[in-house]
2 protein chains.
Amino acid sequence: MLSTMSTPARPLEPVADTAHRLLEAAAEAFADRGFHATTTRDIASRAGLSPAGVYVHFASKEELLYQLSLEGHVAARDMLRSAADGASSPTEALRAIMARFATWHAEHFRVARIVQYEFANLTPEHRDAVLGLRKQIDAVVRDVVTSGVASGEFTVDDVPDTTLALMSMAVDVARWYDPEIKRTPEAIGAAYADLGVRLVTAR
Amino acid sequence: MLSTMSTPARPLEPVADTAHRLLEAAAEAFADRGFHATTTRDIASRAGLSPAGVYVHFASKEELLYQLSLEGHVAARDMLRSAADGASSPTEALRAIMARFATWHAEHFRVARIVQYEFANLTPEHRDAVLGLRKQIDAVVRDVVTSGVASGEFTVDDVPDTTLALMSMAVDVARWYDPEIKRTPEAIGAAYADLGVRLVTAR
DNA sequence: GTCTATAGCATGATAGAC
DNA sequence: GTCTATCATGCTATAGAC
């Protein structure tokens with residue numbers, strides 16, 4: 001019976017299964033050309049499948065978008081939470097979340113573009129699910145700003161407005177980032193940690 | 001022969017001609033749904049025309065996009081230049097350009113979205129033409145930052161990086177702005193003038 | 001689980017009457 | 001300059017063989 005087992009011991013670097021390859025192909029295509037400009041034939045051929053092969057693994061093109069959007073939002077949220085939790089002060093927390101958020105938007109600019117720009121192309125149900133994650137992401141940043149104001153380290157005119165501006169700077173990295181440029185994602189992150197601190201500092 | 005004249009004295013509030021109505025219809029549709037998700041039937045019916053009626057005025061859907069993108073970039077550039085030129089110091093210039101740029105991205109968020117997010121859907125020739133305007137827009141902001149550094153009013157780590165971050169904040173307004181929200185475009189502009197100054201100020 | 005073939009429909013753009 | 005009708009194409013998704 002052993003020979004009929006379908007799940008052998010997982011190697012350390014598993015070969016990407018077909019569903020995973022399709023997600024990667026869709027991520028590239030959606031980020032490069034946008035959801036509506038991407039055809040299922042595009043995705044299928046990038047993954048080495050016929051057009052029909054996609055539908056064994058995903059019910060629709062939107063389902064691929066949803067999976068990518070969901071995974072991207074979860075990854076961003078978890079990364080921000082761990083950055084904020086590991087810091088010893090609001091200032092250090094702000095530096096950590098800005099650095100990691102900006103770095104993430106550069107390093108994963110394809111998924112980040114899907115997260116930021118393709119949200120409106122989800123079905124209403126899927127949009128609602130992702131909206132919950134977006135609120136959690138917002139909350140991480142807002143809580144850091146609030147705690148810095150409370151401790152007296154930060155001086156801001158308005159917490160929600162400042163939160164939004166901080167996120168705007170980092171989110172916009174996904175728009176202009178190009179893997180061809182010289183600046184590394186880490187250098188971008190370091191610069192944005194500094195810029196973030198400036199935004200919460202009054203003279 | 002007077003009765004055959006096609007251009008009577010222009011009234012103060014001219015009725016929008018058909019080409020203009022089409023541009024407005026396309027702006028709404030492209031901003032709401034994106035270039036590729038918008039159909040020419042969409043645009044035609046919003047403008048009260050049959051699908052074929054579009055092609056009397058514009059050679060293609062992309063031509064509509066190009067006109068909107070071009071007009072939007074020119075408007076943004078001219079607005080920024082006049083804001084910078086009218087200021088008495090780099091700090092006042094920065095406040096003026098940030099306020100007006102942010103206000104513009106809220107007030108004209110539909111055209112602004114087209115300007116910022118549909119650039120990649122232009123033909124290569126049209127992209128090149130618009131790229132020149134984008135460089136001019138960048139130059140206005142960069143020159144203000146440079147002059148502030150020269151005068152000693154600003155302290156920045158890196159002029160191009162700071163220029164980009166300033167623009168990111170204002171550009172991102174078009175992504176999150178919603179005419180339903182309470183904040184007025186002017187209030188947003190005022191807040192971004194302050195945030196801009198913070199970004200060029202070190203403790 | 002992958003393929004070939006195609007259904008069923010929407011799209012951008014054009015032809016030609018008025 | 002606008003219409004109706006339509007072309008030619010491309011799209012998402014499905015059917016059914018293997």
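Reminder, nothing fancy here: chain letters follow the sequence lines and each chain counts from 1.
Between B:His36 and C:dT11 there is no side-chain N or O to OP1 or OP2 distance below 4.0 Å. In terms of phosphate contacts, B:Thr18 brings a side-chain nitrogen or oxygen within less than 4.0 Å of OP1 or OP2 of D:dT2.
Ionic pairing of A:Arg175 and A:Asp172 is present here: one or more N-O contacts between side-chain nitrogen and carboxylate oxygen are shorter than 4.0 angstrom. Using a 4.0 Å cut-off between charged nitrogen and carboxylate oxygen, A:Arg95 and A:Asp194 count as a salt-bridge pair. Using a 4.0 Å cut-off between charged nitrogen and carboxylate oxygen, A:Glu28 and A:Arg110 do not count as a salt-bridge pair.
Separating the CG atom of B:Leu22 from the C1' atom of C:dG12 is a distance of 15 Å, rounded to the nearest angstrom. Put simply, CG on B:Leu49 is 15 Å from P on C:dG12, counting in whole angstrom units. Across the protein-nucleic acid pair, A:Lys61 atom NZ and C:dA10 atom P stand 15 Å apart, rounded to whole Å. Atom OH in B:Tyr55 sits roughly 15 Å away from atom C1' in D:dA5 (whole-Å rounding). Between the CZ atom of B:Arg33 and the P atom of C:dT11 there is a distance of 9 Å, given to the nearest Å. Atom NE2 in B:His20 sits roughly 19 Å away from atom C1' in D:dG1 (whole-Å rounding). Summarising the geometry, the separation between CD on B:Glu62 and C1' on C:dT11 is reported as 17 Å, rounded to the nearest angstrom. The distance from atom CZ of B:Phe58 to atom C1' of D:dT2 is 16 Å, rounded to the nearest whole Å.
Among the protein residues, A:Ser50 comes within range of the nucleic acid bases, having at least one heavy atom under 4.0 Å from a base atom.
Considering only side-chain atoms of B:Ala52, the nucleotide from D:dC11, C:dT2, D:dA5 that sits closest is D:dA5. In the set C:dT11, D:dA13, C:dT2, the nucleotide with an atom closest to the side chain of A:Ser60 is D:dA13.
The cationic atom of A:Arg134 (NZ for Lys, CZ for Arg) lies less than 6.0 Å from the six-membered ring centre of A:Phe119 and within 45° of the ring axis.
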